[in-house]
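Let me begin by presenting the structure, written as C-alpha cells, before commenting on it.
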Amino acid sequence: MQDVLTRTAPLYDRVRRVIPPAEWAVFADDIDAILELKRTRNAVILAHNYQTPEIFHCVADIVGDSLLLAREAQTVEADVIVMAGVHFMAETAKLLNPTKRVLMPDMRAGCSLADSITAADVRLLRQRYPGVPVVTYVNTSAAVKAESDVCCTSGNAKRIVESLGSDTVIMIPDEYLAQNIANETGIRMITWAGHCEVHERFTPEEIRRLRVEHPGIVVLAHPECPPEVVAEADFAGSTAGMQEFVASGKASRVVLITECSMSDNLAVLHPEVEFIRPCNLCPHMKRITLPALRHSLETMGTEIMIEEHLAVRARQAVERMLAL
Ligand code: 13P
Ligand code: SF4
C-alpha cells in the first residue's frame, strides 16, 4: 500500500483541496490499478464535468462538456474508449468513432431527458408538424437521434437553431432548454415535456435567498434549468461555458446552479475563487465510480453496440451538428 501511496502522491497533490486524506487512502489503490489497466488495454477515459474529482482530475484523459467529449471522441486513436459519463455520451462516442470499443462502466447510468422520449414520439411530432425541422438534444438515445435532422448540446443550441433559418423549430426533449433558447432567439419552439431531474429542482427563490446570504455572488446557471431560474442568474451556459466564465476571472465568489461535482472540479483549478455550493446530485453520473471504471477495464465491459440501421441515421444528425 505504501508503494501505491508513493506512486499516486503527485495526483493527490492536485486534489488535496477537495479530497480529505482518509478518502484518498480508499481511492489510491483503484487509481493506481486504473492507470496501469489503461496502458495494458490501450484505453483512454473520457470524463464529463459532472464526474467526481478523483475521476476527473486523476484518471481521465479527456474532460469536458458534452460537446467537447463528442468532438474529441471522433479523433481518439487508442483501441478503447471508456466513458466516465452517462449512456448517451457513450453512444455518441461510438457513433463518431465506430471502429473503437466503447465501454460503459455502469449501464444503469441513464438520463431523465433521454428516458423521456422515444423514436415513435419523434415520428408522431413530425406527422403533426410536417416540414418543421427537428433539433434533438444529445441527451437522447441513438434511436431518437436517428429520427432527427440535427443534434445540439447546451453549448451550441442557439447557434444550431439559428442556422436552420426557420421561424419554428421542434426542439426536443428538454422543455426548459427549448424555452430558454426561444427567449434568446425569438424562434417559436415546439417542445417536449422532458426535464433534467437535477436542474429542474432549482428555484428562483433559492437564488434570491443565496444573493441575500452571500452578497456580491455571481450566479451561473445551466440552461437545463427552468426559464424563471435562468432569469435570476447573471450568466447561463453549458458546463464548458461556466468553466470559461470562472477562468475569465470576472468573479471571485460564484455559485454554480448545476450538478455538485462541477464546483469541486473547478475549485481544484481555481483556488482563488470561492464557490458557494447549493447543488443537486445526478444519480446517473454518480453511478460511475473508481471501482466501476476498474472493473470495466478488467472485464472490457459493457461494450456499447448500436444497430447499423440506427447508427447510420443517428450519426448523420450528430455529424451535422459538429459540422456547424
Ligand atoms: P453540458 O456539459 O453539455 O453542459 O451538459 C450538461 C448535462 O447535463 C450533461 O448530462
Ligand atoms: Fe441527464 Fe440531468 Fe443527469 Fe445530465 S445531469 S445526465 S441531463 S439527469
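Note that the coordinates shown come from a computational prediction; the quantities given were computed from them, not determined experimentally. Just so you know, these numbers use all the heavy atoms, side chains as well, and skip hydrogens, waters and symmetry mates. We count residues from 1, following the sequence as given. Order of appearance sets the numbers: ligands from 1, and atoms from 1 within every ligand.
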Any chance you could lay out the salt bridge (Lys or Arg N to Asp or Glu O under 4.0 Å) test for E259 and K286, step after step, and finish with the verdict?
CA-CA 10 Å; E259 211 273 346; K286 265 53 221 184; 3.0 Å; yes
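- Distances below 4.0 Å separate heavy atoms of S238 from the following atoms of ligand 1: 4 (O).
- Salt bridge status for R294 with E298: present, with a side-chain N to carboxylate O gap under 4.0 Å.
- Close approach of ligand 2 to S112 (heavy-atom distance below 4.0 Å) involves ligand atoms 8 (S).
- Close placement of the H195 and Y176 rings is indicated, their centers lying within 6.0 Å of each other.
- Under the 4.0 Å criterion applied to side-chain N and carboxylate O atoms, E91 and K145 are not assigned as salt-bridge partners.
- Contact annotation: S154 has at least one heavy atom less than 4.0 Å from an atom of ligand 1.
- Looking only at heavy atoms of the protein, atom 2 (Fe) of ligand 2 is closest to C196 SG, 2.3 Å.
- Under a 4.0 Å criterion applied to the non-hydrogen atoms of M89, ligand 1 contributes the atoms 9 (C), 10 (O).
- Of all protein heavy atoms, the one closest to atom 7 (S) of ligand 2 is N139 ND2, 3.2 Å.
- Of the protein's non-hydrogen atoms, S66 OG, 2.8 Å is the one closest to atom 3 (O) of ligand 1.
- Atom 1 (Fe) of ligand 2 has an N, O or S atom of C111 under 2.8 Å away, backbone or side chain.
- The ligand atoms of ligand 1 that sit less than 4.0 angstrom from a heavy atom of H222 are 1 (P), 4 (O), 5 (O), 6 (C).
- Heavy-atom contacts of D65 reach the following atoms of ligand 1: 1 (P), 2 (O), 3 (O) (cutoff under 4.0 Å).
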Step-by-step side chain to side chain donor-acceptor pair (under 3.5 Å) determination, S66 to T153:
CA-CA 7 Å; S66 314; T153 73; over 6 Å; no
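- The Y50 neighbourhood of ligand 2 comprises atoms 5 (S), with distances under 4.0 Å to a heavy atom of that residue.
- The shortest separation from a heavy atom of E224 to ligand 2 is under 4.0 Å, placing the residue in contact.
- Shown in contact with H48 at under 4.0 Å from a heavy atom are these atoms of ligand 1, numbered in order with element: 1 (P), 2 (O), 5 (O), 6 (C), 9 (C).
- At the shortest separation from atom 3 (Fe) of ligand 2 among protein heavy atoms lies C282 SG, 2.4 Å.
- Ligand 1 has no nitrogen or oxygen under 3.5 angstrom from a nitrogen or oxygen of T153.
- Between R209 and E205, none of the side-chain N atoms (NZ, or NE/NH1/NH2) sits under 4.0 Å from a carboxylate O, so this pair counts as no salt bridge.
- Looking only at protein heavy atoms, the nearest one to atom 10 (O) of ligand 1 is N139 ND2, 3.6 Å.
- Heavy-atom proximity to L113, at under 4.0 Å, picks out these atoms of ligand 2: 7 (S).
- When only modelled atom types and interatomic distance are considered, H222 and T239 share no side-chain donor-acceptor pair under 3.5 Å.
- Side-chain atoms of T191 never come within 3.5 Å of backbone atoms of M171 as a donor-acceptor pair (strictly under, hydrogens ignored).
- Set against the non-hydrogen atoms of E224, the atoms of ligand 1 under 4.0 Å away are 6 (C), 7 (C), 8 (O).
- Every atom of ligand 1 is numbered from 1 in the order shown, and the set under 4.0 Å from a heavy atom of M285 is 10 (O).
- Of all heavy-atom pairs spanning P223 and S238, the tightest one is CD-N, 4.0 Å.
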Test log, rule disulfide bond (SG atoms under 2.5 Å apart), inputs C196 and C111:
CA-CA 8 Å; C196 163; C111 170; over 6 Å; no
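- The existence of a salt bridge linking R126 and E147 is excluded, since no basic side-chain nitrogen approaches an acidic carboxylate oxygen closer than 4.0 Å.
- In E77, the CD atom is not crowded: 12 or fewer heavy atoms of neighbouring residues, nucleotides or ligands sit closer than 6.0 Å.
- For the pair N49 and ligand 1, the shortest N or O to N or O distance does not fall below 3.5 Å.
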